[in-house]
4 protein chains.
Amino acid sequence: MEALLDATARVLTREGYDRASTNRIASVAGVSVGSLYQYFPNKEALVAALVARHNREILELARDALKEVASLDLAAAVRAMVRAAVDAHLVDPALHRIFAEQVPRMGQLAKIEDLERETFLLVRSYLEARRKEISIRDLDTATSILVTTVEALTHQFVINKPDAMDGDRDRFIDEVTRLILGYLAPHRTAKPRK
Amino acid sequence: MEALLDATARVLTREGYDRASTNRIASVAGVSVGSLYQYFPNKEALVAALVARHNREILELARDALKEVASLDLAAAVRAMVRAAVDAHLVDPALHRIFAEQVPRMGQLAKIEDLERETFLLVRSYLEARRKEISIRDLDTATSILVTTVEALTHQFVINKPDAMDGDRDRFIDEVTRLILGYLAPHRTAKPRK
Amino acid sequence: MEALLDATARVLTREGYDRASTNRIASVAGVSVGSLYQYFPNKEALVAALVARHNREILELARDALKEVASLDLAAAVRAMVRAAVDAHLVDPALHRIFAEQVPRMGQLAKIEDLERETFLLVRSYLEARRKEISIRDLDTATSILVTTVEALTHQFVINKPDAMDGDRDRFIDEVTRLILGYLAPHRTAKPRK
Amino acid sequence: MEALLDATARVLTREGYDRASTNRIASVAGVSVGSLYQYFPNKEALVAALVARHNREILELARDALKEVASLDLAAAVRAMVRAAVDAHLVDPALHRIFAEQVPRMGQLAKIEDLERETFLLVRSYLEARRKEISIRDLDTATSILVTTVEALTHQFVINKPDAMDGDRDRFIDEVTRLILGYLAPHRTAKPRK
DNA sequence: CATGAATGAGTCTTCATTCAT
DNA sequence: GATGAATGAAGACTCATTCAT
């Protein structure tokens, strides 16, 4: 039931994980608790499904962004990817924050990391294609560092400045791009966009 | 009571935040619930005290590391700081993970961020002292990016490879150092240690 | 749930307010604590509901008695009202005593006084209708004195002689009636019933 | 320890019976809980002792008032006694209210009624002395009615108008006196004071 | 299939009382 | 005698989960 996931997201962001009871979620969804348990075996599975949906939406964005990136030069490509990361975090920042800060990682919820793995592979294959242009020893290590770094910076940016102006956002993207390019292609100076 | 904080840490890392009841903590500490409430007004305060103690320990390390760094050149200094970050995360990785992933940020527990603020100031004043050697526009932004990046990378490294060999660790530190130096001093090539 | 109120009354009268735990009440009612909290948000609300029900029953009696009183002369009317007060106190004397002596007056339980207010108005309007026959300066004061006096005397009578014979009861009613009439109509001598 | 009783009174009136813990009482008294239990075997005994002390103070007033009453005529005597009742209730109205409304009547606290019994005897012996002037069938019944009535009316007056002006108080005393005289001496009209 | 009343284990917290120092 | 840390039974209340209708 899509409505149940919507309700879960609503309750989660409005009340926090601890105060989000299955009864409240069901009533917000306009169904009975019983129905909730017809579709999800327990609360954890419900939250896990919501996480999965959220991640699917974000991955959609990421894939689209990476497609359009193939034709750009490295600097532009990196900037586009960072921008995509920011966009991804803006899908539902409040929900994202709840996932990051309050949802216990255990059992089925280990799946939260699915997104990271998939992102890892996407970025890794991009870097592999550009291998000649970049100076990297170990592809896996580099990918992991990039993914973690961009994710952390973006997360922190969105959390701390939820209503940043476009100017702020562009400046942020510039800085992160510079950081990444300095790592990937240390000999060229990153060219900030005009 | 120090024993209560120890017990809290034990229960927290073994059972997770949600399963850590005050009664269980008290019994692990070898005292009665009543005694627990004689020293801490409620569960939140108990966890907050543990967080504070943990942070104090980590800040101790960080301050010591920064002291020894004053005489080094930029590259060596950055590497030393990254190494300090790793050491800090090795104080009690499991506990650190619980704090990062499960403890709800509210009320007194907002104090969790005290550590971040302190670290921010420490790093910022270091960068300020070296301003001539680095190419940075905005000090605050740069500091924030560095702190977030190093924290995220270190956290992820310690979580994923809790028993990494010294070799792994050194390689990790090298990479992160390269990332940082590429950002702070884009014109020089980072010199990986021999 | 009517059963819950019955159980509350039972436990309250048998054990007293302090020993009446919600768990005990629920188990006496033959349901689980959870069910209790499905119908009443907290202990206070439960007791308040019981008080309300008790008062409703008593007010029913009082209204009926006052209706039949309209056609009687003053002396007979007063005696009928006193008798009604006694009857009201006999609805559930033990429970009434708990309400009077042990239930803390706070929050929603301020409603305990609803009954007093209603009674006040009932009596006041009766006195107003008979104003010519009685010698009273201030209607509100007189009403308040009468209501308080009759309530206190009746309460004390029922508490101290829970199983008084009809004879005792009639003699008590005579005395109280004499007291009231002496106050309302000092010039006539109260005529004790044959 | 007198200080303990004072502290009990303070805590009782400030916080109510339920929130008055022995620890708080002890700390307000400036001693340790242990000391409290050196003087009183349990909480109930402590409260009972406070009740006893309060009652002793009130009885003092009542006895003094009755002494001075011997020489007055009936009307003046009754008014003096009513006034004494009001004075008694003004000794510590807040504490009196707590006793009346919140302190559970059980065990040693049945002693609360000691005051009523003693008052009963005092009034009864006064009425007996004046038997010729009053028209009463049964002395015990009359005494009981008078004591209950005056107590209830005074209590209610003090509770509802804790800061009544002297004028209000005199008018109240007049009315109660009229009520009593109408009962004791139905043939004479009560003479309100000039 | 849907419902939602019922369940009851488990949570945090309080407080009268004890007893080693 | 005084102290006050320690005790732990008990209480109010929550919520994931079940199941008869």
Side-chain angles (χ1 to χ4, degrees), chain A residues 1 3-4 11 15 17-27 29-47, chain B residues 1 3-4 11 15 17-27 29-47, chain C residues 1 3-4 11 15 17-27 29-47, chain D residues 1 3-4 11 15 17-27 29-47:
Chain A
M1 208 79 140
L4 276 169
V11 176
E15 322 251 11
Y17 184 80
D18 279 348
R19 311 205 66 85
S21 74
T22 52
N23 278 288
R24 205 190 297 242
I25 289 172
S27 101
V31 302
S32 68
V33 225
S35 298
L36 187 157
Y37 278 88
Q38 212 110 39
Y39 293 96
F40 302 95
N42 53 46
K43 190 185 178 182
E44 198 183 1
L46 176 62
V47 176
Chain B
M1 204 78 142
L4 276 168
V11 175
E15 323 248 14
Y17 184 80
D18 279 347
R19 311 203 66 87
S21 76
T22 51
N23 278 287
R24 203 188 298 243
I25 289 173
S27 101
V31 302
S32 70
V33 225
S35 296
L36 187 158
Y37 279 90
Q38 205 127 36
Y39 294 95
F40 301 95
N42 53 46
K43 189 185 177 182
E44 197 183 4
L46 176 62
V47 176
Chain C
M1 204 80 143
L4 276 168
V11 175
E15 322 249 15
Y17 184 81
D18 279 346
R19 311 204 66 87
S21 76
T22 52
N23 279 288
R24 204 188 298 243
I25 289 173
S27 99
V31 300
S32 69
V33 223
S35 296
L36 187 157
Y37 280 91
Q38 206 128 36
Y39 293 96
F40 302 96
N42 52 48
K43 190 185 177 182
E44 197 183 4
L46 176 62
V47 176
Chain D
M1 206 77 140
L4 276 169
V11 176
E15 322 249 12
Y17 184 80
D18 279 347
R19 311 206 65 87
S21 73
T22 51
N23 278 287
R24 206 189 298 242
I25 289 172
S27 101
V31 301
S32 68
V33 224
S35 298
L36 186 157
Y37 278 88
Q38 212 110 40
Y39 293 95
F40 302 95
N42 53 44
K43 190 184 178 183
E44 198 183 3
L46 176 62
V47 175

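Computed from heavy atoms alone, side chains included, the values below leave out hydrogens, waters and symmetry copies. Lettering of chains follows the sequences in order, A, B, ..., and the numbering in each one begins at 1.
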Open item on the list: How would you summarise protein contacts on nucleotides 11-21 of chain F per nucleotide, using B for base, S for sugar-phosphate only and - for none, with heavy-atom distances below 4.0 Å?
Closed with: SBBBBBBB---
Task: Gap between atom CG of C:Leu36 and atom CG of C:Asn23 - 0.5 Å precision - done: 8.5 Å
- [ ] For C:Ala29 and C:Leu4, work out which heavy atoms get closest and say how close.
- [x] CB-CD2, 3.7 Å
TODO: Select base, sugar-phosphate, or nothing to describe what A:Phe40 touches, counting heavy atoms under 4.0 Å on all strands.
DONE: nothing
Task: N/O (side chain, A:Gln38) to phosphate O (OP1/OP2, E:dA2) under 4.0 Å - done: yes
Open item on the list: At 4.0 Å (heavy atoms only), tell me whether B:Met1 reaches a base, stays on the sugar-phosphate, or touches nothing.
Closed with: sugar-phosphate
TODO: Report the C-alpha separation of B:Thr22 and B:Phe40 in whole Å, then their side-chain angles, then the decisive distance to 0.1 Å, and conclude whether the side-chain contact (heavy atoms from CB on, under 4.5 Å) test is met.
DONE: CA-CA 11 Å; B:Thr22 51; B:Phe40 301 95; over 6 Å; no
Task: Minimum heavy-atom distance D:Tyr17-D:Lys43, with the two atoms named - done: O-NZ, 3.7 Å
Open item on the list: Stem list for DNA chain F, please, built from Watson-Crick and G-U wobble pairs under 3.5 Å and keeping only runs of at least 3.
Closed with: E:2-21 with F:2-21
TODO: List the steps, then state whether side-chain contact (heavy atoms from CB on, under 4.5 Å) holds for C:Asp18 with D:Asp18.
DONE: CA-CA 9 Å; C:Asp18 279 346; D:Asp18 279 347; 4.1 Å; yes
Open item on the list: Do C:Leu46 and C:Tyr37 have side chains that approach each other closer than 4.5 Å (heavy atoms only, starting at C-beta)?
Closed with: no
TODO: Give a yes/no on whether any side-chain N or O of B:Ser32 is located under 4.0 angstrom from OP1 or OP2 of F:dG8.
DONE: no
Open item on the list: Restricting to side chain to side chain contact (heavy atoms under 4.5 Å, CB included), what partner residues turn up for D:Glu15, sequence neighbours left out?
Closed with: D:Val11, D:Arg19, D:Arg24
